[in-house]
There are 2 protein chains.
Amino acid sequence: MTQTYPMTTEGELSLRIASALRDAIVEGRLIVDQRLPSEQELAEQFGVSRPTVREALKRLAAQNLIRTQRGATGGAFVNRLSFHEAYSQQITTSTLLLSMNQVDFETACEARYALERACVPLSAQRRTADHLATMRAEIHRQNQPGLSDESFCASDVAFHRALVDGAGNPVLSYQLAGAVEAMQPLMNMITFSARSRERIVGFHTAIADAIEAQNSALAETALAALCSYTIDLANNVRAQRQTRTT
Amino acid sequence: MTQTYPMTTEGELSLRIASALRDAIVEGRLIVDQRLPSEQELAEQFGVSRPTVREALKRLAAQNLIRTQRGATGGAFVNRLSFHEAYSQQITTSTLLLSMNQVDFETACEARYALERACVPLSAQRRTADHLATMRAEIHRQNQPGLSDESFCASDVAFHRALVDGAGNPVLSYQLAGAVEAMQPLMNMITFSARSRERIVGFHTAIADAIEAQNSALAETALAALCSYTIDLANNVRAQRQTRTT
DNA sequence: TTATTCTAATTGTAAGACAATTAAATGTTT
DNA sequence: AAACATTTAATTGTCTTACAATTAGAATAA
């Protein structure tokens, strides 16, 4: 039997069609890798033109819900939403959310470290040699004198990624991707002096040591210290800017 | 000066145009509430047809990056991504991620409670009377005997939302929305006996008491207990199902 | 059998037309 | 002059038709 797609009765057609198909996917009536009817067939089923169907499909494609293939056996297929795709979606959304809503640095920072703190006990317990090696490598990079602020921040993100991934829980990693990565633009606005870098690396080393020793409490302490230090740093930068402009 | 939108040189046109516009928004070259050129103008600027431009715009609309208005002064406008919209996007993505990737209940559960645990210290410190009242009200509802499993789970979600929101950090609330809400379908698969409900309500009461007393450590303990009890419950349900089918 | 060509299906893109909607300009009446 | 009604222009939403590009599979030839 051919499937039918219940549709709402108000709003733009392409939106209604997209919603109908999305519901079918979310509710499992269309399963992963299943091929949707061709655009022509969809147009007939919904009683609309092909361009309208296409607009609806593009909406779904933007959410990575479907992929399309050209050619004889082509069409639109229900996508298995990979963790990787979900990561990047989440990072985009989080970044926009932070930049558009005047979220102050302190709030974002607090959220980020609170979430990381949640990972610490698991990470201390389960971290592999790989995770430890990544953390050490990033610490080493952060010690290079010629490193730009952007690269320093990127390395910072990589370090914390390793910490989070060490928990060995992909759901946790996914949820945290946004929080950690979206902070980078905000972090980039802080100019790191050699002195402050040194201290941050110190905190990182303390965290890595604690994780290696599987000492959860110690790692949490070091993380908390890093959090408050980062916030202080941001406040100082802001204060300096105000002094300079007045 | 009219803005130009740097475009990549491979892939589908509508995708490239969408990416070019998205970059302009993310990088701040198009700011909130700014009006994009009309579809006609965009088509000319990019050297493509209007339907192609429209497909690109639908992609952006699907991500809540733009909104469109008809009429004389209509057009596409850069959207301020609200926390509310970001919530629902995140919930949809998280739900799909969980349902499509065979994430086992234990992993999802672990992630959820680890994240909630991150909120507890802040929530214990900052929770308002409102948050406490919501938690108490949901506990009361969960005690009603006639409550369906779905309603019980929904109330459970509401309770934990209040716990998370109590931290008073919108970024944290946003990040957790996915983790908590996306769990509901998984939770719904557990049939709650009267006995198990009673115990869950007991944990909830302990959490609410601890939060009210601003005792963070106690709340964390109760949350951890709830976590392991929930996982046990799920394991039992699974074991029973296997017994029944064999 | 293997390689090549053809064919049909499907998506990607284009062009033009008309409908629906909306705000502003214009006209009309009191 | 002010309030109200009408027209107008701009813009998005949708439809129709057509063609290009791509791809798998079938048909064909070596």
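In what follows, chains carry the letters A, B, and so on, assigned in the order in which the sequence lines appear, proteins first and then strands, with residues in each chain numbered from 1. Below, all heavy atoms of this structure are taken into account, side chains as well, without hydrogens, waters or symmetry copies. Fair warning: this is a prediction, and the values are worked out from it, not measured in the lab.
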side-chain hydrogen bond (donor to acceptor under 3.5 Å, both in side chains) partners of A:D130, counting only residues at least two apart: none

Scoring nucleotides 7-15 of chain C by protein non-hydrogen atoms under 4.0 Å (B base, S sugar-phosphate only, - none) yields -BBBBBBBB

Axial bend angle, the helix from C:dT1-D:dA30 to C:dT30-D:dA1: five-pair end segments, nearest 10°: 10°

Output all residues satisfying side chain to side chain contact (heavy atoms under 4.5 Å, CB included) with A:Q142, sequence neighbours left out; order by chain, then residue number. A:E138, A:F152, A:S155, A:F159, A:V201, A:H204

Salt bridge (charged side-chain N to carboxylate O under 4.0 Å, His left out): pairs with one or both residues in residues 17-31 of chain B, sequence neighbours excluded: B:E27-B:R29

Would you mind telling me which of B:N235, B:L233, B:I190, B:L98 makes a side-chain contact (heavy atoms from CB on, under 4.5 Å) with B:F105? B:I190

Regarding A:R59 and A:E55, does a basic nitrogen lie under 4.0 Å from an acidic carboxylate oxygen? no

A:H131 and A:T128: CA distance, side-chain angles, deciding distance, side chain to side chain donor-acceptor pair (under 3.5 Å) verdict: CA-CA 5 Å; A:H131 299 126; A:T128 67; 3.1 Å; yes

Write out all pairs satisfying salt bridge (charged side-chain N to carboxylate O under 4.0 Å, His left out) with one or both partners inside residues 62-75 of chain A, taking only residues at least two apart or from two chains. A:D33-A:R67

